[in-house]
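Comments concern the structure below.
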Amino acid sequence: MHEMAVTQSVLNIALEEGKKAGAKRITAIKIRMGAYSDVVPAVLREYFAVAAAGTMAEGAELVLTRIPVTMLCRSCGWQGTVDKLHIQCAACGGTDLKLLTGREFYVESLEAE
């Protein structure tokens with residue numbers, strides 16, 4: 001699963017930034033993730049608990065905030081959120097859409113002591 005690689009990347013970022021800040025312990029990692037990011041939150045949390053064991057991030061809370069799927073309709077210019085299961089323009093019903101948000105995945109911030 002790619003979640004393990006993603007988890008290791010999150011941990012590496014947290015440890016590097018925590019070290020730069022002179023932290024003794026990382027208590028929370030805030031992550032922004034798009035609805036289409038293909039990362040399963042429960043699996044990310046499970047892998048993180050294992051990967052962070054014995055590091056300054058052990059026991060840190062993962063705070064996940066979802067970014068909705070937003071699209072631009074190339075037919076009429078409408079922009080807005082769409083349901084992942086019913087992807088069409090809310091204004092004209094068209095399906096010639098450009099994805100604007102929803103694929104993001106990044107560490108937004110850390111909380112540390």
Side-chain angles (χ1 to χ4, degrees):
M1 289 192 147
H2 74 287
E3 275 90 351
M4 188 52 151
V6 169
T7 302
Q8 191 61 54
S9 293
V10 167
L11 179 60
N12 291 345
I13 290 166
L15 294 175
E16 183 178 321
E17 294 302 316
K19 198 178 287 185
K20 282 182 194 176
K24 291 185 180 1
R25 182 171 172 264
I26 297 169
T27 58
I29 302 169
K30 295 181 181 182
I31 297 171
R32 303 262 305 163
M33 59 189 298
Y36 280 169
S37 68
D38 294 331
V39 175
V40 179
V43 175
L44 179 68
R45 284 187 170 97
E46 184 177 325
Y47 285 172
F48 185 81
V50 173
T55 71
M56 78 167 85
E58 183 172 4
E61 176 186 10
L62 293 184
V63 180
L64 306 176
T65 303
R66 285 282 201 185
I67 298 170
V69 175
T70 60
M71 300 276 188
L72 165 68
C73 179
R74 291 184 177 116
S75 298
C76 73
W78 172 87
Q79 288 185 17
T81 59
V82 296
D83 182 335
K84 286 182 4 177
L85 302 176
H86 302 97
I87 302 172
Q88 66 183 46
C89 175
C92 73
T95 56
D96 185 12
L97 304 172
K98 176 183 177 187
L99 181 68
L100 299 176
T101 66
R103 303 269 316 150
E104 303 85 351
F105 186 94
Y106 59 90
V107 174
E108 181 178 39
S109 65
L110 303 173
E111 291 178 13
E113 300 174 337

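As the structure is a computational prediction, the values presented were derived from the model and not from experiment. Throughout, numbering of the chain's residues begins at 1 and tracks the sequence.
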Who pairs with [X] by salt bridge (charged side-chain N to carboxylate O under 4.0 Å, His left out), at least two apart in sequence or on another chain?
X: R32; answer: none
X: K24; answer: none
X: R25; answer: E113
X: E46; answer: none

Kindly give the cluster partners of [X], where membership spreads through any ILVMFWY side chain lying under 4.5 Å from a current member.
X: Y36; answer: V69, M71, W78, V82, I87, L97, L99
X: V6; answer: V10, L11, I13, L15, I26, I29, I31, M33, V39, L44, F48, M56, L62, L64, F105, V107, L110
X: Y106; answer: I67

Return the set of residues passing side-chain hydrogen bond (donor to acceptor under 3.5 Å, both in side chains) with [X] (not counting sequence neighbours), or none when no residue passes.
X: S37; result: none
X: S9; result: none
X: K19; result: none

For the backbone of T95 and the side chain of S75, can you confirm whether one donor and one acceptor N or O come within less than 3.5 Å of each other?
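No, the answer is negative, given that no donor and acceptor are paired below the 3.5 Å cut-off.
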Is a side-chain N or O of S109 found less than 3.5 angstrom from the main chain of K30, in a donor-acceptor match?
no
Just grab all the salt bridge (charged side-chain N to carboxylate O under 4.0 Å, His left out) pairs involving residues 54-63, residues at least two apart or on different chains.
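Sorted pair list comes back empty.
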Filter on salt bridge (charged side-chain N to carboxylate O under 4.0 Å, His left out), then keep only pairs touching residues 87-107, sequence neighbours left out; what's left?
D38-R103, R74-D96
Less than 4.5 Å apart, any side-chain heavy atom of V40 and any of E3?
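Contact flag for V40/E3 side chains = yes.
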Taking the side chain as every heavy atom from C-beta outward, state whether C73 and C92 have any pair of such atoms under 4.5 Å apart.
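In contact.
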Distance alone, cut at 3.5 Å: any donor-acceptor contact between the side chains of N12 and Q8?
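There is such a pair between these side chains.
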Could you report the tightest heavy-atom contact between A28 and A60, atom names first, then the distance?
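Shortest heavy-atom contact: N-CB, 4.2 Å.
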